[in-house]
Amino acid sequence: MKQRVLMKGNEAIAEAAIRAGCRFFFGYPITPQNELPEYMSRRLPEVGGTFVQAESEVSAINMVYGAAGAGARVMTSSSSPGISLKQEGISYMAGAQLPAVIVNIVRGGPGLGSIQPGQGDYFQSVKGGGHGDYRLVVLAPANLQEAVDLVTEAFDIADLYRNPVLILGDGLLGQMMEPVEFRQSTPRELPAKDWATTGLCNHNGQKNVINSLVLHAIDLEAHNIHLQEKYALIKVAEQKAELLHCDDAELVVVAYGSTARIVKTAIAQLRDQGHRVGLLRPISLWPFPEDAFAKVMPVAKDFLCVEMSAGQMVEDVKLVVNGARPVHFYGRMGGIVPTPNEIATQVLQIMGVK
Amino acid sequence: MNSLWHHRVSIITGSYGSGKTEVAINLSLAKRSFYGNEAIVSLIDVDIVNLYFRSRDKFEELAKRGIHVIAPAGDLRHADLPALPASISGSLHDTQQQVVLDVGGDPAGATVLGRYQADLPEGSYDMILVVNPYRPYTDNVDAMQRLISAIESKSRLRITALCNNSNLMGFTTPEDLLRGQDLLGELEVRTGLPTAFVSCVPAIAPAVSVMLPNVPVLQLGLYMLPPWATGNNYAGEV
Amino acid sequence: MAKVTFNEERCKGCELCIHVCPVKIVIMQKKFNKRGFNPAGVSDMSKCIACAACARICPDVVISVDK
Amino acid sequence: MVKVFDCPKSLTDMPTHYCPGCTHGIIHRLIAEVIDELGIADKAVGVAPVGCAVLAYNYFVCDMQEAAHGRAPAVATGIKRVVPEGVVFTYQGDGDLASIGCAEIVHAAARGELITTVFVNNGIYGMTGGQMAPTTLPGDKTSTSPYGRDTKKQGFPIRVSEMLATLDGPAYIARVSVHNVANIVKAKRAIKKAFEYQIAGKGFTLVEVLSTCPTNWGLTPKESLEKVQRDMMPYFPLGDYKDIEAGEKK
């Protein structure tokens with residue numbers, strides 16, 4: 001039989017985390033990501049792990065802070081309003097350089113919004129939803145196999161750079177089902193967690209302190225410079241993008257996550273009709289895949305960014321394209337998912353096809 | 001009667017992600033087609049566990065095909081509130097109606113049935129456990145048996161038959177259903193429950209019929225497709 | 001022979017030790033320590049009974065006691 | 001000669017930043033003495049709060065984490081779940097624990113989290129400039145209750161020990177004071193018992209310590225100790241509020 005299992009997105013992400021060695025999960029219920037903590041509550045005890053339903057998202061992320069500080073592979077998940085609550089803890093973790101994986105199964109906003117899928121949390125994810133100068137590595141899978149693979153890799157990236165990694169999904173990805181296969185990520189050499197607060201007896205009596213408070217301006221600037229140097233390394237090493245039909249594409253559609261899959265269907269239709277259209281799908285939203293843009297620039301005449309938002313990633317596309325080509329935008333909001341036909345219509349309009 | 005059902009009320013239950021909603025929709029359509037255009041067929045969405053891909057999402061499309069979908073109305077249709085419509089009891093008692101209940105997954109989803117226990121005396125309904133052994137927690141017979149006990153305990157109803165819905169979505173082969181039937185065969189022996197039918201997409205239905213000649217096949221037109229899918233045999237991309 | 005030792009550089013001059021000494025031998029010294037506080041000290045060590053009350057109330061672990 | 005009293009090994013040499021006469025220093029020392037006596041310095045992990053004790057991580061010779069304001073019990077939960085053989089404590093003031101971190105402490109206690117919380121209650125926000133705390137006494141003037149705390153407008157002080165003692169998760173909850181030597185000795189006994197209960201896996205433990213703020217109270221250190229006895233103790237009575245080995249008080 002096949003090694004594949006049919007899983008719901010939220011479950012697949014949870015199982016992938018467990019297979020990546022995550023043994024601690026702290027969360028709080030919110031739709032549409034509930035299957036993730038539910039699965040964890042059932043599965044973690046089977047592998048000797050710990051699940052705690054926290055009293056709030058605020059508490060959950062701070063439990064993650066404590067557990068990550070004690071050297072564990074640890075995860076939390078939530079959906080948009082809950083992720084907003086976690087921002088305080090995320091900023092502290094970035095400041096204290098703690099590795100962990102955070103999952104956001106995005107729903108419609110602002111405020112309580114709806115439980116339908118959305119992509120309105122892009123700014124919050126890549127520009128820093130919490131206070132201070134920090135970056136999260138943000139990975140946006142478009143299908144469940146990729147979600148599984150990226151979650152596996154996310155733990156390594158987090159440990160390698162001592163930085164939180166955000167998996168940015170959306171309600172569709174969390175709720176849909178697809179067959180997945182669990183496989184190892186390419187092994188990376190990871191540093192020992194000799195900084196973890198596990199008690200002096202566990203690290204030769206050297207006192208460890210997990211902290212983000214740096215009172216002296218000179219010291220805090222030095223700490224920030226260190227963070228920025230780390231982010232510069234990540235920017236070079238961790239860009240990920242998929243290019244589809246871009247070799248001869250006059251129009252390149254830029255889309256991530258579920259939206260990119262709909263774009264693929266639209267592009268298949270357009271290609272059948274002979275139109276030279278391609279897809280650039282950022283997989284790492286931070287670092288933004290600038291290298292991939294460099295590859296498509298020689299041929300591309302126009303860019304069209306499609307999002308389930310009022311236009312957030314499009315700002316990064318414009319920064320990269322830097323005025324060299326027109327950057328168009330098409331977005332739907334409120335939980336409305338664009339159809340392949342809508343997208344094809346936009347493309348044809350830009351290409352001047354009647 | 002028909003080999004897919006014995007009673008007016010068919011309750012579709014199972015672990016979540018087993019494919020209950022597709023089975024429930026297609027069973028409703030089968031009832032409609034069996035009893036003809038005059039028949040009232042109600043599909044009752046009592047899935048208070050799941051959020052997306054619920055039968056209520058296909059309200060208009062199913063209405064055109066003569067299926068009356070009973071689900072929370074208006075804004076509540078898009079909410080994650082356990083707001084059950086008042087008309088459910090009426091449909092369960094209306095002997096003129098054919099009824100299919102699309103129940104939420106797992107014992108958690110089946111709990112809501114306990115609330116209708118008085119409306120569902122034993123012997124008045126089929127309660128079908130949809131099984132997909134390619135799902136976690138239903139990949140072996142022990143687990144399936146545990147699921148049956150848990151659903152029966154929560155719903156306070158008896159499961160009467162099994163549905164073999166072995167699938168890996170578009171990657172499903174007839175052999176996958178055959179392998180699933182091996183497990184269900186063992187489950188039949190242990191529980192005494194018969195397999196009411198196997199369910200699969202039309203493309204592989206003929207091959208499945210050949211391999212499993214003694215089990216009726218419910219062909220599944222797929223309704224719960226993601227927005228990028230085209231065609232009935234959507235495979236996804238892996 | 002009881003003896004209290006004051007680590008004068010740690011002393012913040014809060015005077016709590018003066019008030020708890022049962023034999024009233026703890027006093028504030030006139031001099032200043034490097035941090036600018038008048039440190040506490042003992043006027044007549046021979047009266048010390050090594051009760052350690054001064055050490056126990058001291059918020060700054062200035063005082064050690066021997067007997 | 002024999003040592004009658006010396007600086008505990010679990011305190012670093014670094015002089016504390018606390019104002020002269022502030023009893024934080026006494027409470028730090030008591031914790032360090034307990035860590036020494038129980039021989040747990042090599043497996044203790046402390047969590048520092050936001051408040052005057054924000055720099056507490058500098059003063060203990062054990063692993064430390066600095067938590068966001070009020071979140072120490074959640075951080076300690078994360079640590080303890082990862083290092084169950086460790087001895088985990090939080091050190092929190094009244095703003096941190098009884099105001100912004102009210103949810104965290106209640107739920108850590110309700111879960112029976114195997115941690116020890118030392119709750120320093122001086123009825124005021126020292127760090128930020130003497131604002132009203134959830135434990136500020138009725139009538140007391142602070143920089144945000146300049147007319148004196150009016151219970152009609154600003155509500156009543158929270159008695160944390162009494163409140164948490166109603167939960168089933170805690171094994172030991174006591175309120176102690178450090179306003180004189182006899183009570184300092186009792187306070188240490190309570191803190192030691194709390195750590196011992198944690199180590200024995202009995203449940204959540206909390207010791208509330210009535211403390212002073214000479215600077216923001218505008219009193220000398222000696223007058224501050226007198227205020228604890230005269231004003232605070234009648235509102236916040238000392239004693240064991242929960243001890244699963246001894247039954248409950250009241």
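Letters go in sequence order (proteins before strands), and every chain restarts at 1. Because the structure is a prediction, the values reported are computed rather than measured.
Going from atom CD of A:Glu229 over to atom CD1 of A:Ile234 covers 12.5 Å, rounded to the nearest 0.5 Å. In this structure, D:Ile124 CD1 and D:Cys213 SG are separated by 5.5 Å, a value rounded to the nearest 0.5 Å. Expressed to the nearest 0.5 Å, how far CE of D:Met64 lies from CG of D:Leu55 amounts to 10.5 Å. A distance of 11.5 Å separates CG of A:Leu150 from CG of A:Leu168, quoted to the nearest 0.5 Å. Rounded to the nearest 0.5 angstrom, D:Leu11 CG and D:Ile31 CD1 are separated by 9.0 Å.
For A:Glu46, the side chain to side chain donor-acceptor pair (under 3.5 Å) partners two or more places apart in sequence, or in a different chain, are A:Arg43, B:Tyr137. Remark: A:Arg19 pairs with A:Glu15, A:Phe182 by the side-chain contact (heavy atoms from CB on, under 4.5 Å) rule, at least two apart or across chains.
Annotation: maximal heavy-atom pairing with chain A below 4.5 Å, among D:Ala110, D:Cys62, D:Gly46, occurs at D:Cys62. Residue with the most contacts toward chain A among D:Val45, D:Ile79, D:Val87, D:Val88: D:Ile79 (heavy-atom pairs, distance under 4.5 Å). Of all the listed residues (A:Cys201, A:Gly199, A:Gly66, A:Ala196), the one sharing the greatest number of non-hydrogen pairs under 4.5 Å with chain D is A:Gly66.
Proximity to chain A is absent for every atom of D:Ile40, based on heavy atoms less than 4.5 angstrom apart. Proximity to chain A involves both the backbone and the side chain of D:Val75, based on heavy atoms less than 4.5 angstrom apart. With a 4.5 Å cut-off on non-hydrogen atoms, A:Val74 does not touch chain D at all. Contacts of A:Leu215 with chain D are made by side-chain atoms alone, with heavy-atom separations under 4.5 Å and no backbone atom involved. With a threshold of 4.5 angstrom between heavy atoms, D:Ala67 approaches chain A through N, CA, C or O but not through any side-chain atom. Of the two parts of D:Ala68, the backbone and the side chain both hold a non-hydrogen atom closer than 4.5 Å to a non-hydrogen atom of chain A.
Checking side-chain atoms of A:Asn163 against main-chain N and O of A:Ala158 turns up no donor-acceptor pair under 3.5 Å.
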Could you give the side-chain donor-acceptor pairs of residues 100-107 of chain A under 3.5 Å, partners two or more places apart or in another chain?
residue, atom, partner, partner atom, Å
A:Asn104, OD1, A:Ser80, N, 3.3
A:Asn104, ND2, A:Asp121, OD2, 3.1
A:Arg107, NE, A:Ser114, O, 2.8
A:Arg107, NH1, A:Thr31, O, 2.9
A:Arg107, NH2, A:Leu112, O, 2.7

Problem set entry | Criterion side-chain hydrogen bond (donor to acceptor under 3.5 Å, both in side chains) on A:Ser84 and A:Gln124, from CA distance to verdict | CA-CA 8 Å; A:Ser84 293; A:Gln124 185 193 54; 3.1 Å; yes

Which donor-acceptor pairs fall under 3.5 Å between chain A and chain D:
residue, atom, partner, partner atom, Å
A:Glu55, OE1, D:Arg111, NH1, 3.0
A:Tyr65, OH, D:Glu66, O, 2.5
A:Gly66, O, D:Gln65, NE2, 3.2
A:Glu88, OE1, D:Arg71, NE, 3.0
A:Thr197, OG1, D:Gln65, NE2, 2.9
A:Thr198, N, D:Asp63, OD2, 3.1
A:Gly199, N, D:Asp63, OD2, 2.9
A:Leu200, N, D:Asp42, O, 2.8
A:Cys201, N, D:Asp42, O, 2.7
A:His203, NE2, D:Asp63, OD1, 3.4
A:His203, NE2, D:Asp63, OD2, 2.5
A:Lys207, NZ, D:Tyr57, O, 2.5
A:Lys207, NZ, D:Phe60, O, 2.5
A:Asn208, N, D:Asp63, OD1, 2.8
A:Asn208, O, D:Met64, N, 3.0
A:Ile210, N, D:Met64, O, 2.9
A:Ile210, O, D:Glu66, N, 2.7
A:Asn211, ND2, D:Tyr57, OH, 2.9

